[in-house]
Amino acid sequence: MDASLGIGVQYAVIAVAALVSAWVVLARQFPGAARRLRVSLAVPMVRVGRPAWMMRLGRRVAPAQVAGGDGCGTCGGCAPPRG
């Protein structure tokens, strides 16, 4: 194995780890921004006329639908009502 190939693989692994770490921080600290980012990435992928693989990827990237109706908000992290 060539030394430059080894260092390239090392840099690629570090880059992937940094991207995953940045995504986790974004999703935990700024859930609204993370949701908007996921929507903006998914919408162009699921348009009519796109290849099937791209539409499947877009559905996986899209955030889960929020079932509003508890009157509390959209985070879904509230405790059950007392009573």
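- Separation of atoms CD1 (I14) and CD1 (I7) is listed at 9.5 Å; rounding is to 0.5 Å.
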Output, in order, the C-alpha distance, side-chain angles, deciding distance and verdict of side chain to side chain contact (heavy atoms under 4.5 Å, CB included) for Q10 and V13. CA-CA 5 Å; Q10 183 179 1; V13 169; 5.9 Å; no
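- Here the closest non-hydrogen pair linking M55 and R47 is CE-O, 3.9 Å.
- Residues that satisfy the side chain to side chain contact (heavy atoms under 4.5 Å, CB included) test with L41, not counting sequence neighbours, are L37, V61.
- We find the CZ-CH2 distance between R38 and W23 to be 6.0 Å, quoted to the nearest 0.5 Å.
- Considering M54, R50, R60, R56 in turn, M54 is the only one that fulfils the side chain to side chain contact (heavy atoms under 4.5 Å, CB included) rule with M45.
- Shown here for A27 and A34, the closest heavy-atom pair between the two residues is CA-CB, 3.9 Å.
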